[in-house]
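Have a look at the structure below before the remarks.
Counting starts at 1 for both ligands and their atoms, following the listed order. Keep in mind that this is a model prediction, so the values were computed, not measured.
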Amino acid sequence: MIQKTDLNKLLLTLSLAMDFSRHGLMRHHQRVAFISLRIGEELGLTLEQKQKLFRAAVVHDAGVSTWREKSYLESFDLVNPWDHCRSGAQLFKSLDGIINISDIILYHHDRWDGASESGLASEAIPLESRIIHLADRVDVLVSRDACLLDQRDDVVAKIKSQSGVLFDPLLVEVLEQVAVKECFWFDLLSEFIQYQLEEDVATDFISLEMTDLLSLGEVFASIIDGKSAFTHRHSRLVSGVAGLLAGQMGYSRYRCDMMLLAGLMHDLGKLTIPENILEKPGTLDGSEYNLIKQHTYYTYKILGMIRGFEEIRDWAAFHHEKLDGNGYPFHLKHGQISHGSRIMAVADIYSALVEDRPYRNGMPEPKIKEILWNEVKRKHIDGEVVDALVRNIDGAREIYNRLKLAAGNFICCSNRV
Ligand SMILES: [Fe+2]
Ligand SMILES: [Fe+2]
Ligand SMILES: [Fe+2]
């Protein structure tokens with residue numbers, strides 16, 4: 001049972017999943033949060049203001065899922081950065097009752113001089129957005145290949161050249177003061193930045209209702225599924241089917257909700273995989289398949305950092321384990337795979353089979369049942385769970401149809417993830 005959730009730690013942890021790009025784990029969100037907090041501190045913000053600033057900074061690029069878009073945002077001069085601001089704000093709108101950061105995300109690339117899509121200028125732009133904008137641009141100017149202190153003057157000079165144009169002049173002055181301290185630059189690229197952040201924002205244990213956690217799960221499901229047009233809404237489908245099976249197999253309402261949450265997060269680690277592999281329609285070669293295998297590893301590691309999520313982590317991350325021990329990445333065997341994880345594995349396979357792919361339509365029920373029973377025979381998945389699914393196959397199809405209707409053009413191709 002999830003008692004209390006440390007919301008800051010939760011966002012910090014989940015943002016790690018968003019921070020993979022072609023360079024590996026970039027920690028862009030952590031660094032932007034770190035720079036923002038240093039500026040906020042120098043400005044004398046209250047703890048409450050800093051908490052809000054942190055929460056927005058640590059997920060500010062949630063509107064970007066693909067590595068293509070991430071690469072675009074890495075250059076200093078951006079022509080039209082507002083698409084990802086809009087989609088990020090849209091994602092977090094549903095959480096405004098809990099964290100209220102969607103407007104900050106919406107304006108986080110707004111220019112001080114007002115030449116932005118929103119038309120807002122100077123102090124009409126939320127202060128937190130102005131801080132994050134500046135912090136974000138500092139981070140893209142920094143090279144990870146050279147000593148940061150050697151870069152300090154150039155970075156500050158470049159930012160100063162945009163004072164009153166892109167950036168709030170007062171914040172530029174504050175950055176100059178922050179930049180004097182060597183520790184600021186050492187912290188910025190150190191391995192300790194995550195611990196530093198955890199220290200900075202005093203832990204904030206909040207009793208989140210399960211409905212709030214599910215809303216947060218929906219946000220991350222959208223980010224995960226945004227990686228590829230072919231897996232659009234896949235996480236929601238797996239979540240819905242796993243929740244249905246849990247209910248049919250006697251789980252309590254609360255544990256069914258936990259299952260829904262685990263389903264929304266089951267492919268979280270997919271954010272660490274380049275989209276050209278996720279979207280590849282044909283057979284994967286050996287090294288591409290090896291990369292695919294890391295997705296459940298990262299789902300496990302990232303969810304494992306959140307206290308109270310241990311069971312959800314296991315249900316989510318073991319969906320490619322097989323009862324005979326030949327699954328990945330842990331090669332767990334029969335007795336080591338919990339009932340909840342078995343449900344998730346069946347829900348994932350069912351979803352992959354029922355979904356359309358670019359080169360074939362979703363499969364009809366008789367074919368799906370045949371494949372699932374075959375998997376049972378091969379000692380890959382649990383026969384009782386498959387039996388429960390077969391008895392509720394209409395309910396599962398209904399979930400699929402509902403999502404398909406809601407998504408408009410729904411295509412989901414992968415049976416690999
Ligand atoms: Fe950014
Ligand atoms: Fe998967
Ligand atoms: Fe999946």
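The pair D387-R391 meets the salt-bridge criterion, with a side-chain N (NZ, NE, NH1 or NH2) lying under 4.0 Å from an Asp/Glu carboxylate O.
In the model, D61 has a side-chain atom that pairs as donor or acceptor with a side-chain atom of H84 under 3.5 Å. A donor and an acceptor atom, one from each side chain of Q294 and T272, are located under 3.5 Å apart.
Here H234 reaches the Fe ion (ligand 3): one of its N/O/S atoms is less than 2.8 Å from the metal. At least one N/O/S atom of H320, from backbone or side chain, sits under 2.8 Å from the Fe ion (ligand 2). Residue D139: no N/O/S atom is found under 2.8 Å from the Fe ion (ligand 1). Look at H60 and the Fe ion (ligand 1): an N/O/S atom of the residue is under 2.8 Å from the metal.
Rounded to 10°, the angle that NE2 of H28 and OD2 of D61 form at the Fe ion (ligand 1) is 100°. For the pair NE2 of H266 and OD1 of D348, the angle at the Fe ion (ligand 3) is about 90°; rounding is to 10 degrees. The angle that D267 OD1 and H295 NE2 make at the Fe ion (ligand 2), rounded to 10°, works out to 80°.
D136 has its closest N, O or S atom to the Fe ion (ligand 1) at the position named OD1.
Taking the six-membered ring wherever Trp is involved, the centroid distance between the rings of H133 and H60 does not fall below 6.0 Å.
For the pair R38 and F34, the distance from NZ or CZ to the six-membered ring centre is under 6.0 Å and the angle to the ring normal is within 45 degrees.
Note: H234 and H266 have tilted aromatic rings, judged against thresholds of 30 and 60 degrees for the angle between ring planes.
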